[in-house]
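Counting starts at 1 for both ligands and their atoms, following the listed order. The figures here come from the full heavy-atom set of this structure, side chains too, leaving out hydrogens, waters and symmetry mates.
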Amino acid sequence: MAQAEDKGEENHVLLVAFSAQGHINPMLRLGKRLTAKGVHVALATTEIARHRILKSSSTDAKAAYLVAGIKLLFFSDGLSLDYDRKTNLDLYMDSLGKHGPSNLSALIKEHYTSPKKLLCLVTNPFVPWVSDVAAEYNIPCAMLWIQPCALYAIYYRCFNKLSAFPTLTDPDMVVELPGLPSMEKEDLPSFVLPNNPFGSFPKLFSELFRGMEKFKWVLGNSFYELEKHVIDSMCELYPIRPIGPLVPPTLLGLDQELEDASVDMWKSDETCIEWLTQQPPCSVVYVSFGSIVVLPAKQMEAIATALKNAKRPFLWVVKPPEFPTPDGAGQLPLGFLEETKDQGQVVRWSPQTRVLSHPAVACFITHCGWNSMLETICSGIPLIAYPQWTDQPTNAKLIVDVFKIGVRIKKEVDGNMSSEVIEKCIEEVMVGPMAEQLRKTAMALKAKARIAVQAGGSSDENIRLFVEEITSDSREKDDSPKVGNLSHEGQDKVRDKDV
Ligand SMILES: O=c1ccn([C@@H]2O[C@H](COP(=O)(O)OP(=O)(O)O)[C@@H](O)[C@H]2O)c(=O)[nH]1
Ligand SMILES: O=C(/C=C/c1ccccc1)O[C@@H]1O[C@H](CO)[C@@H](O)[C@H](O)[C@H]1O
């Protein structure tokens, strides 16, 4: 097994990621941007990720430990590999918070001849305790915020009690925050609502956002031109430096960088690319709810009926639930595959970034996971939002009212979606003046994303600044938070490159 021994070299950064598909990959892509600037990078995550990566046979054993020059290291979250973490979320987060720090600390001792060789640790929001491990070794700590900067601003204000949020006595209040549109309760992240059933997340975020001084840098997986108002709104509080979008280089037109830094936790079904190639340009409705969401049977039925009635080619990712339940959640309605065999394809896991950038794909029905959204923005196609939990409701609000690149499936009063509403949304984004406008806006955002990551673009400049600061000798002399963005002057220069 390859190990992250430092072989006496200087300039190491250790990234620490929560073990989820949508958390590890943006961290790896940040790692790749750092290695490109001469930094040695390793990524530590929990054993459950190793287990999943090895099980997905598209990743061979060797690749499971080395990705685009980044070494992967694993530590235990204190639970057995077959434990149902998703159903017992609070217990999982508790165990990770209890066992993670000492196990990560042991990993650092084991893999680095001297922790002093580490320029910094970079963590993400679900493992905020990494900053305490960094402090134990006197290493500075950065956080990669892996959701929109809007979510960073909302949580910061909510958990520092800087603005009013819904309560049990006033559950329907409208939230007004600088740099963001007015938000009703269905637009807010589920973790700030009084009926949120997962107590571990408000506890985790409360500790994180009240102790932000532990992070010398906050980097964001977004780009300035996408979220400028909300990014600017955080300048006076605790600034966030956007360095994204952290998506595969092929989606960004970075042709000189062919290799992506990512892992697959499930084996993707490549046959759908062949199928897409047989479809007319801009005709296919792509549907996926990401790696975690499992839709109730009733909602699966509504989507199935809408796709059938829309009479358009579709590609639907139906990922079998890890722990199936007798109520049919996450399962296709009986007979659907047979009835639609000439109309569409169903796969268990798709090569999503290749799908989104395929000329046959017209739009994406999505749960609004932030990685999926960034990948779609970089592909320049419109979205149909059907958010479920966590950041997704706010991401849906951004799609419709801020980025203006999609529509949202409105829920019925019982909280379900009707097949008629889904079908209407499909028509809205496929044909007519609204569809045309959405597509135009989506293409313009795609162009802005590309400019942000190119040499001299806003995100590239923020990465350059970060590397300059972590590698400069200032560590001993200056421990103050380096949380500022580019100077306004610098930001203005970058802004002038707006398309
Ligand atoms: O069939 C699929 C579905 C999803 N993904 C990838 O899985 C990630 C999902 O992350 P996201 O933040 O969108 O949602 P999550 O799965 O974390 O809820 C994205 O990078 C997708 O490209 C994929 O490769 N194939
Ligand atoms: O937030 C998660 C994963 C949560 C999880 C998984 C397993 C057990 C407990 C919790 O994943 C997604 O991350 C994306 C980036 O933060 C986000 O945009 C998506 O909405 C999440 O689904």
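Under a 4.0 Å N-O distance rule, the pair Arg354/Glu270 qualifies as a salt bridge. A salt bridge is absent between Glu301 and Lys298: the closest approach of a Lys/Arg side-chain nitrogen to an acidic carboxylate oxygen does not fall below 4.0 angstrom. At a threshold of 4.0 Å, the pair Lys308-Glu339 counts as salt-bridged, since one of the basic side-chain nitrogens sits closer than that to a carboxylate oxygen. Between Asp401 and Lys397, at least one side-chain N (NZ, or NE/NH1/NH2) sits under 4.0 Å from a carboxylate O, which counts as a salt bridge. Taking 4.0 Å as the cut-off between side-chain N and carboxylate O, Lys214 and Asp132 count as a salt-bridged pair. Between Asp460 and Arg33 there is no salt bridge, since none of the side-chain N atoms of the basic residue sits less than 4.0 Å from a carboxylate O of the acidic one.
Atom NZ of Lys319 has more than 12 heavy atoms from other residues, nucleotides or ligands within 6.0 Å.
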Show the short N or O contacts, below 3.5 Å, that ligand 2 makes with protein N or O atoms; if there are none, say 'none'.
{"residue": "ligand 2", "atom": "1 (O)", "partner": "His23", "partner atom": "NE2", "Å": "3.2"}
{"residue": "ligand 2", "atom": "13 (O)", "partner": "His23", "partner atom": "NE2", "Å": "3.1"}
{"residue": "ligand 2", "atom": "16 (O)", "partner": "Gln147", "partner atom": "NE2", "Å": "3.0"}
{"residue": "ligand 2", "atom": "18 (O)", "partner": "Trp370", "partner atom": "N", "Å": "2.7"}
{"residue": "ligand 2", "atom": "18 (O)", "partner": "Asp391", "partner atom": "OD1", "Å": "3.4"}
{"residue": "ligand 2", "atom": "18 (O)", "partner": "Asp391", "partner atom": "OD2", "Å": "2.5"}
{"residue": "ligand 2", "atom": "20 (O)", "partner": "Asp391", "partner atom": "OD1", "Å": "2.5"}
{"residue": "ligand 2", "atom": "20 (O)", "partner": "Gln392", "partner atom": "NE2", "Å": "2.9"}
{"residue": "ligand 2", "atom": "22 (O)", "partner": "Gln392", "partner atom": "NE2", "Å": "3.2"}

Which atom pairs, nitrogen or oxygen on both sides, join ligand 1 and the protein at under 3.5 angstrom?
{"residue": "ligand 1", "atom": "1 (O)", "partner": "Ser350", "partner atom": "N", "Å": "2.7"}
{"residue": "ligand 1", "atom": "1 (O)", "partner": "Ser350", "partner atom": "OG", "Å": "3.3"}
{"residue": "ligand 1", "atom": "12 (O)", "partner": "Asn371", "partner atom": "N", "Å": "3.1"}
{"residue": "ligand 1", "atom": "12 (O)", "partner": "Asn371", "partner atom": "ND2", "Å": "2.8"}
{"residue": "ligand 1", "atom": "13 (O)", "partner": "Ser372", "partner atom": "N", "Å": "2.9"}
{"residue": "ligand 1", "atom": "13 (O)", "partner": "Ser372", "partner atom": "OG", "Å": "2.5"}
{"residue": "ligand 1", "atom": "14 (O)", "partner": "His367", "partner atom": "NE2", "Å": "3.0"}
{"residue": "ligand 1", "atom": "16 (O)", "partner": "Ser291", "partner atom": "N", "Å": "2.6"}
{"residue": "ligand 1", "atom": "16 (O)", "partner": "Ser291", "partner atom": "OG", "Å": "2.5"}
{"residue": "ligand 1", "atom": "18 (O)", "partner": "His367", "partner atom": "NE2", "Å": "3.0"}
{"residue": "ligand 1", "atom": "20 (O)", "partner": "Glu375", "partner atom": "OE2", "Å": "2.6"}
{"residue": "ligand 1", "atom": "22 (O)", "partner": "Gln352", "partner atom": "NE2", "Å": "3.3"}
{"residue": "ligand 1", "atom": "22 (O)", "partner": "Glu375", "partner atom": "OE1", "Å": "2.6"}
{"residue": "ligand 1", "atom": "22 (O)", "partner": "Glu375", "partner atom": "OE2", "Å": "3.1"}
{"residue": "ligand 1", "atom": "24 (O)", "partner": "Ser350", "partner atom": "O", "Å": "3.4"}
{"residue": "ligand 1", "atom": "25 (N)", "partner": "Ser350", "partner atom": "O", "Å": "2.7"}

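Atom-to-atom distance recorded for Phe126:CZ and Ile146:CD1 is 6.5 Å, nearest 0.5 angstrom. Between the CG atom in Leu188 and the CG atom in Leu151 there is a gap of 10.0 Å [rounded to 0.5 Å].
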